Amino acid sequence: MIFSYFTILIMVNYVKKESLWNKDIKRDTGISLTQSLETDVLIIGGGITGITTAYYLKDTNLKVTLVEQNLVASGVSSRTTGKVNYLQETIYTDLEKLYSSKVATNYLESQLFAINEIKRIVKKEKIKCNLEKVSSYIFTNKKREITKIKEEKNFLQKQGIEVKAHTHLSLPLAIQYAISVRDTYVFHPLKYLLHLKKVCEAKGVSFYENTRIQKMEKLDDGYLCYTDKYEIKANKVVLACHYPFFLHPFLMPLKVYTEKSYITAFKTKNYQTETYITNTLPCQSVRFHKDNTSYMLYLSRSHQLSNHLDEKENFNEAIRGAKRFSKKVDYIWENDDMMTLDHLPYIGYLEKENPNLIIGTGYNTWGMTNGTLAGHIISNLIMGKKNSFSSLFNPLRTNHYFYPGMSLYILGVTAKGYIENKLWKNKSWYSKKVEFLKKDGEDVAIYHEGKKEYIVYSKCPHMGCSLIFNEVEKTWDCPCHASRFSLDGKCIKGPSSYDITYKKK
Ligand SMILES: Cc1cc2nc3c(=O)[nH]c(=O)nc-3n(C[C@H](O)[C@H](O)[C@H](O)COP(=O)(O)OP(=O)(O)OC[C@H]3O[C@@H](n4cnc5c(N)ncnc54)[C@H](O)[C@@H]3O)c2cc1C
């Protein structure tokens, strides 16, 4: 035990706390918005949803503008495992049970369509993003899960997909049963997105980085969107910002919850053209990546956001998990995604009879395919074209167990963290260097670093949840909806659209 604690301590000093995809990528600082403007389409958010939407709209006569609060491709899309995959745990049997075989088949078709689109775009635009064909596995080490995986196999075989069954893997992962398919892919998500950005810019799409939309006002013919200094008037607004920064319409906090995981990457001599994932929580997921060095990526410690708030423990657990494969961990980072309870993303209009506000989110950790689909569907909606997948992902669908069970469940999950944080003040979540107190009648938190003090408001501006100090990454994190703030209070991840830097009265 003592040995393991010290080994982790030593490893932690060497491990880079950033995504492997940033390695060797040179980026400029981006152009920020310096004046108010008008546009036909405003895309808020420069991840895979926003950039792909811009890509599909780039050849139209529409004036397209994309704004990103940080740098383009620095959000969730830059921290994925980068699998381009239709074998997504046991989603098809889940959809068959919840809806119907037709819905499951339609979802499979949508994922195959998206994979083909990514392949087509990579070829057409000559993108060097390490797109590589791989075999993908789902596996379980629990006997009770075997039947479920067998059902998934039956479903896929009925769709004409070749599926193999296995009782051993070539990795030291505990397994009872696994299935595998071919024709799935992996790529380098950041190289893909940064190249697409360049293609869009060359076709006249305007990108403004370090530009955050803070609020929006509905007009008869569109929206007026405000940054801290300027206004953008847009006929159509695309919410590609992962989690919208406003509550109305759509009441997103009642419809999704956030799942968070740690990903580690380490050098390997055992490079494989295979990916692996378990079908239940706690998820384990593996892929390999090769540039001038071969890496294995190992995802673990996945949990609903408010369930595991001790960041130090999460971090150490993730390192311990990776240690089963490698003595040295080179990279570790965390990522979170929006989960819908019916397993289907939300892509489309947010309000009945309002064709000017469109969203793409809720990808249930499969955003490379679903973000691409979102770009396709959203651009079709804007151009008034039919899309055979749009009804499947319609955010206004009412034919699932949404009210009241779904909302109550999500509220319960969020409330648990909220209450524990607010009422029980679980000390293990806080650093000894942090004080929570009242200043001029406001709730504030102070982080002491030597003689230096960082003072911030301690409530998340999104919905008022009390923030937790993340000792590993030195950030202020919201346990309710995953907003994050730097030490000095700058919002680095939404849904909050405001900073928490303390301003003396
Ligand atoms: C651990 C983990 C592993 C994953 N691995 C895979 C995988 O292997 N394959 C796969 O298909 N999917 C994977 N996913 C899922 C996938 O990464 C996401 O679903 C997808 O990247 C989400 O893309 P996005 O465009 O919606 O969000 P983002 O990439 O986060 O883009 C949204 C952007 O909007 C910006 N923004 C937010 N608010 C504002 C505002 N107010 N003004 C301006 N800009 C704003 C943000 O800064 C951000 O850059 C994984 C997810 C997780 C959590």
Side-chain angles (χ1 to χ4, degrees), residues 19 21 33 42-53 66-88 111 114-115 118 136 184-187 189-190 192-193 207-216 225-228 232 237-246 258-264 275 277 283 285-287 289 297-303 305 318 333-340 345-347 359-375 378 462 482-484 491-498:
S19 153
W21 309 126
L33 189 69
L42 175 67
I43 300 169
I44 305 176
I48 191 158
T49 310
I51 297 178
T52 314
T53 304
L66 186 150
V67 288
E68 163 57 50
Q69 66 178 352
N70 299 311
L71 290 179
V72 156
S74 63
V76 177
S77 304
S78 67
R79 298 195 296 266
T80 84
T81 40
K83 295 180 186 173
V84 180
N85 201 339
Y86 63 87
L87 191 69
Q88 303 174 357
Q111 301 307 294
I115 293 174
I118 292 174
S136 289
T184 56
Y185 292 80
V186 289
F187 71 171
L190 197 48
Y192 176 75
L193 292 175
F207 283 80
Y208 295 104
E209 297 174 75
N210 300 306
T211 302
R212 188 192 305 154
I213 299 299
Q214 292 188 322
K215 58 178 182 156
M216 301 193 341
C225 302
Y226 297 88
T227 71
D228 55 345
I232 304 180
V237 171
V238 176
L239 294 165
C241 51
H242 201 230
Y243 203 131
F245 45 94
F246 49 78
T258 305
E259 189 177 299
K260 182 167 162 181
S261 308
Y262 272 89
I263 305 174
T264 47
T275 77
I277 194 160
C283 179
S285 166
V286 173
R287 70 158 280 193
H289 169 70
L297 279 76
Y298 176 67
L299 175 152
S300 64
R301 197 68 184 168
S302 40
H303 56 267
L305 187 66
W333 67 98
E334 58 179 329
N335 203 12
D336 56 75
D337 206 15
M338 310 258 293
M339 312 297 285
T340 62
Y346 290 129
I347 306 171
I359 196 167
T361 194
Y363 303 147
N364 301 297
T365 73
W366 294 104
M368 299 300 100
T369 46
N370 285 310
T372 304
L373 263 179
I378 293 169
H462 174 230
S483 293
R484 300 185 70 191
C491 177
I492 46 178
K493 186 176 176 298
S496 170
S497 55
Y498 294 95

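Heads up: numbering here begins at 1 and tracks the sequence. Just so you know, ligand 1 is whichever comes first in the structure, and atom 1 is the first atom listed for that ligand. Bear in mind the structure is a predicted one, so any value in this text is a computation, not a measurement.
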- request: Could you tell me if any non-hydrogen atom of Gly494 lies under 4.0 Å from any atom of ligand 1?
  value: no
field: Distance, nearest 0.5 Å, that separates CG of Leu87 from CH2 of Trp366
entry: 7.5 Å
message: Please compare Thr81, Ile277, Thr52 and report which has the shortest non-hydrogen distance to atom 8 (O) of ligand 1.
response: Thr81
- request: Classify the contact between Ser78 and ligand 1 as side chain, backbone, both or neither, using a heavy-atom distance cut-off of under 4.0 Å.
  value: neither
task: Give the atoms of ligand 1, by number and element, whose distance to some non-hydrogen atom of Cys241 is under 4.0 Å.
output: 32 (C), 34 (O), 36 (N), 37 (C), 38 (N), 39 (C)
field: Non-hydrogen atom of Val186 closer than 4.0 Å to ligand 1
entry: no
field: Straight-line distance of Thr52 OG1 to Ile118 CD1, nearest 0.5 Å
entry: 7.5 Å
query: For ligand 1, which atoms, with element, lie under 4.0 Å from some heavy atom of Ala240?
result: 31 (O), 32 (C), 33 (C), 34 (O)
message: As a check for students: among Thr80, Val72, Thr49, identify the option with a heavy atom nearest to atom 24 (P) of ligand 1.
response: Thr49
- request: May I ask you to list the atoms of ligand 1 that are less than 4.0 angstrom from any heavy atom of Asp336?
  value: 53 (C)
- prompt: Please state which protein non-hydrogen atom is closest to atom 51 (C) of ligand 1 and give its distance, to 0.1 Å?
  reply: Asn335 ND2, 3.8 Å
query: Hey, is Ser74 one of the residues with a heavy atom under 4.0 angstrom from ligand 1?
result: no
- line: Restricting to heavy atoms, the pick from Leu66, Thr258, Val76, Asp337 nearest atom 19 (O) of ligand 1 would be Asp337
- prompt: What atoms of ligand 1 come closer than 4.0 angstrom to any heavy atom of Asn70?
  reply: 47 (O)
- line: If we number the atoms of ligand 1 from 1 as shown, the ones under 4.0 Å from a heavy atom of Phe245 are 41 (N)
- prompt: So is Gly371 close enough to ligand 1, meaning a heavy atom under 4.0 angstrom away?
  reply: no
statement: On a heavy-atom basis, the closest approach of Asp337 and Thr365 is OD2-N, 2.8 Å
For ligand 1, the portion of Ile48 having any non-hydrogen atom under 4.0 Å away: both
message: Using a 4.0 Å cutoff against the non-hydrogen atoms of Thr365, which atoms of ligand 1 qualify?
response: 6 (C), 10 (C), 12 (N), 13 (C), 14 (N), 15 (C), 50 (C)
query: Hey, does Ile44 sit under 4.0 Å from ligand 1 if you only count heavy atoms?
result: yes
